[in-house]
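To keep things clear, I will list the structure first and then write my remarks on it.
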Amino acid sequence: MNPRSLPSDNDVITFGVIGLGYVGLPLCVEAAESGAFKVIGFDVSKQVVDSVNSGCSHIQDLTDDQVGSLLKRGLIEATCDMSRLAECDAISICVPTPLSKTRDPDVSYISAASEAIAATLRPGQLIVLESTTYPGTTREVLKPNLEKTGLVAGEDFYLCFSPERVDPGNETWTTKNTPKVIGGLTEACGELGQRFYEKFIDKLVRVSSVETAELTKILENTFRAVNIGLVNEIALIADRLGVDVWEAIEAAATKPFGFMKFSPGPGLGGHCIPVDPHYLSWKMRTLNYKTRFIDLASEINSEMPFFVVDKVREVLNCNHRPLNGSSILILGVAYKKDVNDVRESPALDVMQLLRQDGADVRYHDPYVSNLNLKGVELYSEQLTDELLSSADCVVILTDHSDFDYVQIVEEAKALVDTRHAVSGAGLVMDATDSWIMKG
Ligand SMILES: NC(=O)c1ccc[n+]([C@@H]2O[C@H](COP(=O)([O-])OP(=O)(O)OC[C@H]3O[C@@H](n4cnc5c(N)ncnc54)[C@H](O)[C@@H]3O)[C@@H](O)[C@H]2O)c1
């Protein structure tokens with residue numbers, strides 16, 4: 001396969017996807033459903049591979065039927081055998097990019113994937129990095145690892161960066177209809193990458209370099225982190241002023257231009273927004289530049305769990321109870337509504353802070369059956385009137401759609417609502433404080 005002679009539309013391209021998580025498995029399914037590919041999914045986890053090969057989806061946005069029917073038609077399969085990367089014409093890398101303990105980028109998963117590709121790299125292969133990372137990773141980490149083979153990027157094989165924009169739980173914008181940005185290491189790399197993805201993604205946005213594509217993704221996520229930081233600070237300000245921050249936001253959002261609505265809450269969560277801007281901060285530190293907006297937003301967003309605990313303390317105080325020894329029921333521990341992902345969820349911080357202060361913390365989340373809080377295993381309890389009324393304070397941390405807010409308001413002795421969910425459902429919170437209801 002080369003830029004000037006892509007296989008014709010009737011030829012089946014073998015597409016390998018490394019990493020079958022929230023990003024990789026939907027990408028496999030989208031490509032396989034187009035009928036233009038035979039897709040092989042690669043993962044180091046045998047459990048993930050076995051689950052896909054038995055027609056099960058471990059990703060909430062995909063059904064077992066979707067995966068099962070592609071399996072039956074022979075359009076998709078999963079394997080731990082990395083030597084089969086040799087069979088692939090194009091390979092996308094969708095492995096994790098977490099932060100290390102010192103909050104520096106951990107690109108070891110990208111290095112491991114690139115070493116696996118290098119072991120069988122052959123002329124003509126297209127390699128695309130999709131994992132979110134700092135500008136420079138494709139050229140400085142991936143390219144040298146692949147070129148150790150003696151093959152040259154842009155001449156013998158083709159190398160691109162194309163960030164994934166998947167938004168778990170979003171039914172409107174999917175992998176297929178979300179425009180996809182792509183930048184090639186060379187003109188030929190970009191051209192081949194664009195023509196490859198155009199076979200199953202509606203719109204490609206070509207940029208001039210891998211670094212531009214890398215920065216585009218970090219810009220998108222930094223934009224969210226900074227704006228959430230701003231609105232969280234406005235929430236702290238409004239609280240001091242005695243103003244309902246949500247009412248002010250709704251009013252501001254009536255301006256038809258020049259304003260974009262963001263909502264305050266208990267803090268940042270998920271695998272992307274709290275993590276990705278730190279990739280850019282780290283890169284810029286190596287260039288003697290301090291990323292002030294990112295650092296400030298991170299500081300404000302990390303303070304929000306403390307603010308929530310203060311609100312719990314305040315509402316308990318109104319009912320003459322100390323936090324120490326009180327029973328607190330958390331509603332929702334996922335990092336956002338209607339998903340089962342607790343990675344970096346602010347609920348973990350809030351629950352930990354409450355426990356440190358001696359509270360007896362329980363939780364209910366229809367999507368998260370159990371979670372580990374610094375070595376302590378907690379289990380989601382069934383949401384009953386008794387559970388709600390037995391707690392000294394109920395705290396809404398995630399505004400899942402299927403919560404019955406009328407039941408919650410009726411049964412809770414006291415309530416802290418960090419998502420404006422109760423008022424959003426048409427119920428009335430405390431007149432003097434839009435975060436709490438004293439009961
Ligand atoms: N989750 C999102 O909403 C989202 C959105 C956009 C971009 N991203 C980015 O996409 C990347 C992947 O994120 P994710 O949420 O899909 O991660 P994930 O943890 O859900 O899945 C990653 C998978 O990769 C596998 N893996 C790890 N190392 C491997 C290796 N060397 N070879 C093969 N498989 C390996 C893991 O077993 C896991 O199944 C990250 O860089 C992330 O920042 C995520």
Can you tell me how far the [atom1] atom of [X] sits from the [atom2] atom of [Y], to the nearest 0.5 Å?
X: E247; Y: S423; atom1: CD; atom2: OG; answer: 10.0 Å
X: T14; Y: F37; atom1: OG1; atom2: CZ; answer: 10.0 Å
X: I396; Y: L329; atom1: CD1; atom2: CG; answer: 10.0 Å
X: C94; Y: E130; atom1: SG; atom2: CD; answer: 4.5 Å

When the ring planes of [X] and [Y] are compared, do they come out parallel, tilted or perpendicular, using 30° and 60° as the limits?
X: W435; Y: F307; value: perpendicular
X: F15; Y: F200; value: tilted
X: F403; Y: H364; value: tilted

Would you name the heavy atoms of [X] and [Y] that are closest together and state the gap between them?
X: P135; Y: L280; answer: CD-CD1, 3.9 Å
X: E344; Y: P274; answer: CB-CG, 4.0 Å
X: G265; Y: N232; answer: N-OD1, 3.1 Å
X: N145; Y: S114; answer: ND2-OG, 2.8 Å
X: I300; Y: G229; answer: CG2-O, 3.5 Å
X: F259; Y: I249; answer: CE2-O, 4.3 Å

Expected output: side-chain [X] to main-chain [Y] donor-acceptor under 3.5 Å:
X: Q60; Y: N340; answer: yes
X: Y363; Y: N370; answer: yes
X: T398; Y: G332; answer: yes
X: R343; Y: G270; answer: no
X: T216; Y: T212; answer: yes
X: D276; Y: I218; answer: no
X: T178; Y: T175; answer: no
X: H420; Y: V245; answer: no
X: D104; Y: W282; answer: no
X: D349; Y: P305; answer: no

Check ion pair [X]-[Y] (N to O, under 4.0 angstrom):
X: R195; Y: E191; result: yes
X: D295; Y: R292; result: no
X: K336; Y: D167; result: yes

If we ignore angles and hydrogens, is there a donor and acceptor under 3.5 Å between the side chains of [X] and [Y]?
X: E214; Y: T138; answer: yes
X: E198; Y: Q194; answer: yes
X: T133; Y: T97; answer: no
X: D106; Y: S108; answer: yes
X: T174; Y: N177; answer: yes
X: T102; Y: S100; answer: yes
X: H400; Y: D365; answer: yes

### Query
Hey, does Q407 have a side-chain heavy atom less than 4.5 Å from the side chain of L383?
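Yes, side chains in contact.
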### Query
If we only count heavy atoms from C-beta on, is the L373 to L348 side-chain gap below 4.5 Å?
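Side chain of L373 against side chain of L348, heavy atoms only: contact under 4.5 Å found.
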### Task
Take R206 and E187 through the test salt bridge (Lys or Arg N to Asp or Glu O under 4.0 Å) and record every step on the way to the result.
CA-CA 10 Å; R206 177 92 166 270; E187 185 63 22; 3.2 Å; yes
### Query
Crowded around Y109 OH? As in, over 12 foreign heavy atoms under 6.0 Å?
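Not more than 12 within 6.0 Å, no.
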### Working for salt bridge (Lys or Arg N to Asp or Glu O under 4.0 Å), residues E77 and K38
CA-CA 9 Å; E77 66 173 301; K38 176 184 182 328; 2.8 Å; yes
### Message
If you apply the rule salt bridge (Lys or Arg N to Asp or Glu O under 4.0 Å), what do you find for E140 with K283, and how did you get there?
### Response
CA-CA 12 Å; E140 293 158 16; K283 175 69 185 183; 3.3 Å; yes
